[in-house]
Amino acid sequence: MSDPRILGLCGALRGGSANRKLLLEAARLFGPCRFEEGDLRLPLFDEDDEIADGIPVAVQTLADQIAAADAVLISTPEYNKAPPGVLKNALDWVSRTKSSPWRDKPVAVMSAAAGRAGGERSQSILRLCMVPFQPRILQGPEVHIANCRNEFDDNGRLKSDRYAATVETLMGRLREEITR
Ligand SMILES: Cc1cc2nc3c(=O)[nH]c(=O)nc-3n(C[C@H](O)[C@H](O)[C@H](O)COP(=O)(O)O)c2cc1C
């Protein structure tokens, strides 16, 4: 079997995002895989635009990437104790496409945030937001990277062995889920 296709979705758009570093670390700790990141710079959902113009190309591309992936990794920041609008907007747009790309898809959700709880509440809310789409979201181990702006070295590696071990365990579970 060829290396699994893993799609990463980062809830932060900024270049130096800790959540993007976490996605890349997770992909590295997953082991051999074909990793790509989905682009969440989508227009804001507007039903008038949808009626007038249909599904935007960028949304269809994202839905196709989800459908084609063997598994999806999501890393979310916490904005005011909730997931960023970027992620919810993407979920809402993808829900309007004809396929149901999330159905039965193995998914690992993580969070990284500056606060002490590592985006725990944001991650919980995101998990609830995904219930309608019926993916196979791993229940654990839970990855919440606290104080996230100080947890990655200059090469983007997690400094803490404990965090790295938890991410590696989660990736092992994801690998098992793909082959289940
Ligand atoms: C609008 C906004 C709201 C935020 N709210 C929270 C919060 O509720 N909890 C928290 O731990 N950090 C909060 N932060 C700080 C983020 O955790 C921090 O900016 C983090 O680095 C964002 O993730 P990123 O590095 O992937 O961009 C907030 C940041 C922004 C911009």
Side-chain angles (χ1 to χ4, degrees), residues 1-12 16-38 40 65-79 81-84 86-88 90-91 101-180:
M1 183 184 158
S2 57
D3 293 340
R5 289 178 73 152
I6 307 289
L7 179 69
L9 301 180
C10 180
S17 162
N19 283 277
R20 184 165 298 103
K21 290 175 186 167
L22 181 55
L23 282 179
L24 294 172
E25 267 292 76
R28 182 181 70 80
L29 293 166
F30 182 94
C33 64
R34 289 171 289 160
F35 178 83
E36 65 175 343
E37 186 183 340
L40 301 190
Q65 286 175 308
I66 295 167
D70 293 301
V72 181
L73 291 179
I74 306 177
S75 191
T76 184
E78 181 168 82
Y79 287 174
K81 300 294 176 193
V86 167
L87 269 176
K88 184 66 167 71
L91 292 177
W102 288 114
R103 177 85 48 90
D104 294 327
K105 188 69 61 181
V107 175
V109 179
M110 305 176 292
S111 55
R116 279 184 298 177
E120 186 170 6
R121 195 189 298 184
S122 171
Q123 187 182 142
S124 296
I125 294 170
L126 179 61
R127 287 169 182 270
L128 280 179
C129 289
M130 295 194 69
V131 167
F133 313 128
Q134 301 177 48
R136 282 152 52 197
I137 301 184
L138 296 177
Q139 296 303 309
E142 292 175 287
V143 173
H144 312 112
I145 308 295
N147 185 28
C148 66
R149 295 202 178 195
N150 297 311
E151 288 294 343
F152 295 87
D153 69 17
D154 292 342
N155 297 314
R157 297 279 174 94
L158 278 165
K159 294 182 193 169
S160 153
D161 291 342
R162 190 171 57 89
Y163 277 149
T166 308
V167 173
E168 192 165 17
T169 301
L170 182 66
M171 292 303 101
R173 300 259 167 86
L174 189 62
R175 191 177 273 285
E176 287 168 13
E177 193 66 26
I178 290 171
T179 52
R180 198 162 65 86

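Because the structure is predicted, anything quoted here is derived from the model rather than measured. Position 1 is the first residue of the sequence; numbering continues from there.
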Do side-chain atoms of [X] reach the backbone of [Y] as a donor and acceptor pair under 3.5 angstrom?
X: Q139; Y: I137; result: yes
X: Y79; Y: S122; result: no
X: Q123; Y: V143; result: yes
X: S111; Y: G118; result: yes
X: R20; Y: A12; result: yes

Rounded distance [0.5 Å steps], [atom1] in [X] versus [atom2] in [Y]:
X: I66; Y: R103; atom1: CD1; atom2: CZ; answer: 14.0 Å
X: I74; Y: L91; atom1: CD1; atom2: CG; answer: 6.5 Å
X: E78; Y: L126; atom1: CD; atom2: CG; answer: 11.5 Å
X: L174; Y: E176; atom1: CG; atom2: CD; answer: 9.5 Å
X: L22; Y: F152; atom1: CG; atom2: CZ; answer: 4.5 Å
X: E25; Y: N155; atom1: CD; atom2: CG; answer: 9.5 Å

So if I apply the side-chain contact (heavy atoms from CB on, under 4.5 Å) rule between N19 and each of C148, P84, S75, which one comes out positive?
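Exactly one candidate clears the test, S75.
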Smallest separation among heavy atoms of [X] and [Y], with atom names:
X: M110; Y: L23; value: CE-CD2, 4.2 Å
X: G38; Y: L7; value: N-CD1, 3.6 Å
X: A108; Y: L170; value: CB-CD2, 4.1 Å
X: L40; Y: C10; value: CD1-O, 3.3 Å
X: R173; Y: P141; value: NH1-CD, 3.3 Å
X: G119; Y: A113; value: N-CB, 3.5 Å

Under the salt bridge (charged side-chain N to carboxylate O under 4.0 Å, His left out) test, which residues partner R175, sequence neighbours left out?
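Applying salt bridge (charged side-chain N to carboxylate O under 4.0 Å, His left out) to R175 gives none.
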State which residues pass salt bridge (charged side-chain N to carboxylate O under 4.0 Å, His left out) with E177; sequence neighbours excluded, sorted by chain then number.
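Per chain and number, E177 pairs via salt bridge (charged side-chain N to carboxylate O under 4.0 Å, His left out) with R136, R180.
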Taking the side chain as everything from C-beta on, heavy atoms only, tell me whether [X] gets closer than 4.5 Å to [Y].
X: R28; Y: R157; result: yes
X: I178; Y: F30; result: yes
X: K88; Y: C129; result: yes

Using side chain to side chain donor-acceptor pair (under 3.5 Å) as the criterion, list what pairs up with K81, not counting sequence neighbours.
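Expected list: none.
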Would you please test Q65 and R5 for side chain to side chain contact (heavy atoms under 4.5 Å, CB included) and show each step?
CA-CA 10 Å; Q65 286 175 308; R5 289 178 73 152; over 6 Å; no
Give a yes or no on whether D153 atom CG has more than 12 heavy-atom contacts from other residues, nucleotides or ligands under 6.0 Å away.
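Atom CG in D153 is crowded, with more than 12 foreign heavy atoms closer than 6.0 Å.
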Heavy atoms of other groups near R121 CZ, more than 12 under 6.0 Å:
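Atom CZ in R121 is not packed in, count stays at 12 or less.
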